[in-house]
Structures are given as C-alpha cells and as structure tokens.
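Some notes on the structure that comes next.
Note that this is a predicted model, so its numbers are computed, not measured.
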Amino acid sequence: MSTTTAGHLIVGQLERAGVKRVYTVPGESFLDVLDGLHGSPIQNVVARQEGGAGFMALAEGRLTELPGVAMVTRGPGAANAFIAIHTAYQDATPLILFVGLIPVADRGRESFQEFDINAWFGSTAKKVVTLDDAASAARVVDDAIFTALSGRPGPVVIGLPEDVLVHVVENATVEPRKVARPEPAAADLNELNRKLTAARKPLVVVGGEGWTQESGEQLAAWASRHSIPVVADFRAYDAVPHRSDAYAGFLGYGRSDANAQRLDDADLIVFVGCVRGDVLSDGYKRGLDAETVVVNADANLLGHFGRVDQHMVADVTAFANALATGNATTNATGNREEGWFASARADHLNFSTPAPDGGIGVDLGVAMEVLKKEMADDAVLTFGAGNHALWPARYLDHNSANSLAAPRNGAMGMGIPAAVAASLAYPGRQVISVAGDGCFMMNGQEIATAMGYGAAFIVLVVDNGIFATIREHQEAHYPDRPSGTHMTNPDFAALARSYGGFGERVDRTEDFAAAFRRAVDSGLPALLHLPQDPTTRSPKTSTN
C-alpha cells in the first residue's frame, strides 16, 4: 500500500467523486491541499475574495449534479465565506467548504486567526466536522458530499488543521456513497390521484434542487394534460420550461397579484421539491387554507409552514417520471372550475409583457425584450439581490434546466461570481448576469477571475445610484427622510475594460440592442453600463 499525506488524499477523494473544479483563495493553513491540487485534473479556480469563491461554489452546486467546493483559510477567510454558507443553507443548495485551521496544539490560546468553527457554522450548515484524524480524510470528504446531496441539500463545512494535513496516511480513497433518490410509493400516488380528482382548483408549486430537462418537461406535460397550473417558487424559475401552457409564473417577491390570489383560491396545492415558506406565502399569509400535498425528499420538511395533508417522501425526478409513465393519472379535468387553467396562463403572459416605464435612461423592460430575442434558449441567467432582479425574473424565459443561479435568501453580490462559475461549468452556453450597482460592487472584482480562466459572460449593470430596495422601504415607512441609501459609482464600463474585458455605456434605450450584440461578439467578459432613472423601482404594467 502506497502512502500520501492527508491533504493529498483529500484531493484524491474529490477526484474520485468526479469534482471538476474547486474555488479557492489560498492560505498558509491548507498548503498541503493546494500542493495536492498541483497537477491534479481538478481545476483550481483562484478567486479574488472568499465571498466570491463561496458564491462560485454555490452556483456550481446549483447548476450541476455535484456540490460546489470552496477552500478558504481560517479566521478572516472563513468569515468572508460565511455568506455563501448561509445562502446555501437557506437555499437548500449542496456546497462543501474546506477551511484551513490552526495546528491542533495551538487551540484555545487565542492563536493567530483562531476561531471556533462549530460555533460559527453550527447553526447554518448541515454538518460541521474537523479533520483531527488524518487517516479519515477520504471518508470525511465522501461523507460531506453524501450529506450535502442527501435529503434537503445544503452546505457541509470541513475544518483542516494545518498540521494534520501533512500527516502520512495510506493512499486509499473510498468508493463514493450513492445518494438515494426515493421514488413515490404506489399508495401515495393513488392518494394524490384521489385528491386531484376531487379538486376543482388545484395548483402545483415547483422549486428546490435536482430538476433536469426531462423531469421539468415531464411534470409540465402532465400538468397540461390534467389542466393544473404550475407556478414556481421564488428564484426556482428554471424548474419547468416556460414554453409549456401549464406554466403560470412565479410566487414570492415580484410575483403578480393574480398569482397571489391564485394561491389563496386554490383548493389543493401540491408542492414539488419545495415547501410553503415565508417568501412564497407573502410572510405566512397566503395559501394556508388549501388541502396540501408536499412532494419532497426532506423527511423533516424544514421551512414548511401550515397544514400538510400528505407528505410524499420522493425525489423530484423520480416523482416526475412516475407521472410520465402513467403511475399517477387523473381523469378529473372535467371537475376543474371553468377558466381556472386557461386564465392562469393568460395572466402570466400578460404579466410578462413589458410596458414602457417612461423614465430617463435605459428602459429595462425594452432591454428585457431585446434579451428574449437575442439570448440563446439554453442561456444561463445569474443575478444577486435587489430591485434590478425584478426585471429578469418577470420578463425572461427559462426553457432549459439549470439555467438560473440566484440567491433565494436575498444575498447581494452573487451575480458576478455565479456568472464565472456558470461559464466554467457550461463553456458552450451563453451566460448573462443582471446586476444592480450596489450588488455589482460587492463582488465585481471577480471579473479578474473570469479573465484569468477564460470565462465569458455579459453583465448588465443597472446604475440608479441608490440602494433601491431599501430606499423603497424608507419611502414607505419614513417618507421624505432618505438615509444611508445613496451611492457614488465608478465608470462601470471603464472598470470592465481595465480588467481586459469589454465595457460600454448605454445611455439610450434605442442603442441597447446593438450594444448587446457588440458585447456578445467580443467573446470576452463584457459589461454594459445602463444608467436608470432612480425613481423607477420596479417594472411598470397596466395590469398585474
């Protein structure tokens, strides 16, 4: 049996699991792991800040079948990466964070950059473990991947004491554990069928992780056959293809009034892959009275509020396949309330059609219409948090699986790192990021990472000079007293060019289409700087 170090064995286990990339900011606390990555087939993507590395890994976990992997150093590095762990936990996204730690003998002495990894991450990760036994390195990594993907997905944090990493151990990786994908039981499907047969106004809500092109199309086709509208949970807009006549838009922030009312009016709600959380239900206020079925692999239904009449412990892909193969059918379309299905689609089409905003600067509704025509059908969209995200959420279509990486917990700064990761994970797909000026400035430096690793994407920076979401709340609760919400911005186009990318300022709506094509043709990380009227806080429409 050959030997190696624990740090090198960690890399070997990641290789055996099929991990293609890790996102890092280097630190002296995990040098042996970095050395293991030297010559490894795993690409080490070096980010410019740990928050960026964490968000890149989170996007990788959102868009691919394996958890994203980030590696950072102790103390300050772990603190910067914390935002990604919180996001992954609330978003239920698989992520693994390796954190270099001080030597074992230095613990409890307030050593340089010492911190308590369990106290920091224990309340916002599925599992926190410290590698004190070097011989367990492969097993700990395999268990982390399994835990991150199982049940309700989420983040796992692994502490790596720097002295343990260099211990010599047997060079033996372990067979990766297979994650169970529970299938719905026949009795559960029969019970669901009885509920659907009795329902006059059923509604399906889709969300969560694990959707594939096939499962999204299967569920949408089944819903269409049986006249059941399908709405998406907040920022799970890519679960089912929008081209389906069953797709009726989304719930959560920026949702239509029609869908909010539809949630209240439904007599049966079937949650598939998601739960009735606060954002979806407008703060635990809507959709509370309907008979409720939850199809979710999480046995604990973490985050679900209100009644549960049936919990089907099943994977979304297995459930969708059961629907497609005829194991769950209903002939209850004749029982549907007249207009229930058709009106849902009509309301969505009306809501997703832009109206001119009439403000100064670039009209974002028009810009979104240009994107709908110009962007590829399998384009990946990324954004962070803020009012700027209301436009792409409302107006852009998702017809391909794994085409959206955006934080469901409202974390700013994810858009640019997510675009980097999306471009590296899917080099053949177009990647577009929509960023607010405040959101962009939190991790915009990761354009440098994109330049270094050949990632290419187009980012639209919406520049209104304010933290618009917070200003909106101020105007509602403290009228005429703006405080702490003004920003002084750089020349964003020049900033992009300084990194070696493409940058152009677009001041007029009519110039946007040509500028977007120039950005695409550049083949570089490209940025379009879009000044916007600061009084335009959300999309305009005559009816919603």
Side-chain angles (χ1 to χ4, degrees), residues 4-14 22-38 40 42 44-58 68-89 95-138 140-141 143-144 155-169 411 413 417 442-443 445-446 448-449 452:
T4 187
T5 60
H8 281 234
L9 185 56
I10 287 170
V11 175
Q13 187 63 40
L14 291 173
V22 296
Y23 301 94
T24 70
V25 175
E28 66 270 28
S29 57
F30 62 104
L31 290 177
D32 198 69
V33 178
L34 292 172
D35 187 69
L37 288 168
H38 185 272
S40 169
I42 296 175
N44 181 8
V45 180
V46 182
R48 304 310 295 266
Q49 206 257 13
E50 292 89 354
F55 276 142
M56 290 177 196
L58 188 143
V69 178
M71 297 180 177
V72 302
T73 197
R74 58 205 177 199
N80 285 338
F82 196 98
I83 187 172
I85 296 300
H86 182 266
T87 305
Y89 189 73
L95 172 67
I96 297 174
L97 177 68
F98 291 93
V99 181
L101 299 179
I102 61 172
V104 173
D106 293 350
R107 290 179 188 165
R109 300 182 179 186
E110 194 54 35
S111 303
F112 180 65
Q113 297 184 340
E114 181 179 6
F115 76 105
D116 186 331
I117 192 171
N118 289 286
W120 278 28
F121 292 105
S123 66
T124 190
K126 288 188 71 175
K127 181 179 287 187
V128 181
V129 61
T130 297
L131 183 67
D132 284 333
D133 174 23
S136 301
V140 167
V141 172
D143 179 72
V156 176
V157 181
I158 303 175
L160 305 175
E162 63 176 281
D163 53 339
V164 174
L165 291 176
V166 297
H167 289 179
V168 176
V169 297
M442 292 191 177
N443 278 309
Q445 78 282 350
E446 300 302 346
T449 305

| query | So which heavy atom on Leu101 is nearest to which on Arg74, and how close? | reply | O-NH1, 3.8 Å
| task | Search all heavy atoms of Leu37 against all heavy atoms of Met71 and return the closest pair with its distance. | result | CD1-SD, 4.2 Å
| query | Are Thr130 and Arg107 close enough, and set up right, to give a side chain to side chain contact (heavy atoms under 4.5 Å, CB included), and what steps lead you there? | reply | CA-CA 13 Å; Thr130 297; Arg107 290 179 188 165; 3.6 Å; yes
| query | Which atom pair, heavy atoms only, marks the closest approach of Pro26 to Leu34? | reply | CB-CD1, 3.9 Å
| Nearest 0.5 Å, what's the CG-CG distance between Leu165 and Leu160? | 5.0 Å
| message | Show, in sequence, the C-alpha distance, side-chain angles and deciding distance for Thr5 and Asp35, and conclude whether the side chain to side chain contact (heavy atoms under 4.5 Å, CB included) test is met. | response | CA-CA 10 Å; Thr5 60; Asp35 187 69; over 6 Å; no
| For the atom pair CD1 (Ile158) and CG (Leu131), what is the distance rounded to the nearest 0.5 Å? | 8.0 Å
| request: Can you see which heavy atom on Ile85 is nearest to which on Thr124, and at what distance? | output: CG2-O, 3.2 Å
List, one per line, each side-chain donor-acceptor pair under 3.5 Å for residues 45-56, sequence neighbours excluded.
residue: Gln49; atom: OE1; partner: Gly51; partner atom: N; Å: 2.5
residue: Glu50; atom: OE1; partner: Asn80; partner atom: ND2; Å: 2.9

| Interatomic distance, Phe30 atom CZ to Ile10 atom CD1 [nearest 0.5 angstrom] | 10.5 Å
| said: With rounding to the nearest 0.5 angstrom, report the CG to CZ distance, Leu97 to Phe82. | reply: 10.5 Å
| field | Heavy-atom pair of closest approach, residues Ala78 and Phe115 | value | CB-CZ, 3.7 Å
| query | Minimum heavy-atom separation for Ala105 to Asp163, with atom names? | reply | N-OD2, 4.5 Å
| request: Starting from the C-alpha separation in whole Å, work towards a yes-or-no answer on side chain to side chain contact (heavy atoms under 4.5 Å, CB included) for Val129 and Asp143. | output: CA-CA 10 Å; Val129 61; Asp143 179 72; over 6 Å; no
| Do any N or O atoms from the side chain of Gln13 and from the backbone of Leu9 form a donor-acceptor pair under 3.5 angstrom? | no
| message | Name the residue from Thr73, Val72, Val141 that meets the side chain to side chain contact (heavy atoms under 4.5 Å, CB included) definition with Phe98. | response | Val141
| query | Between atom CD1 of Ile102 and atom CD of Glu28, what is the distance when rounded to the nearest 0.5 Å? | reply | 12.0 Å
| note | So CD of Glu114 and CZ of Arg109: to nearest 0.5 Å the spacing works out to 9.5 Å
| task | Apply side chain to side chain contact (heavy atoms under 4.5 Å, CB included) to the pair Tyr89 and Phe121, showing each step before the final yes or no. | result | CA-CA 10 Å; Tyr89 189 73; Phe121 292 105; over 6 Å; no
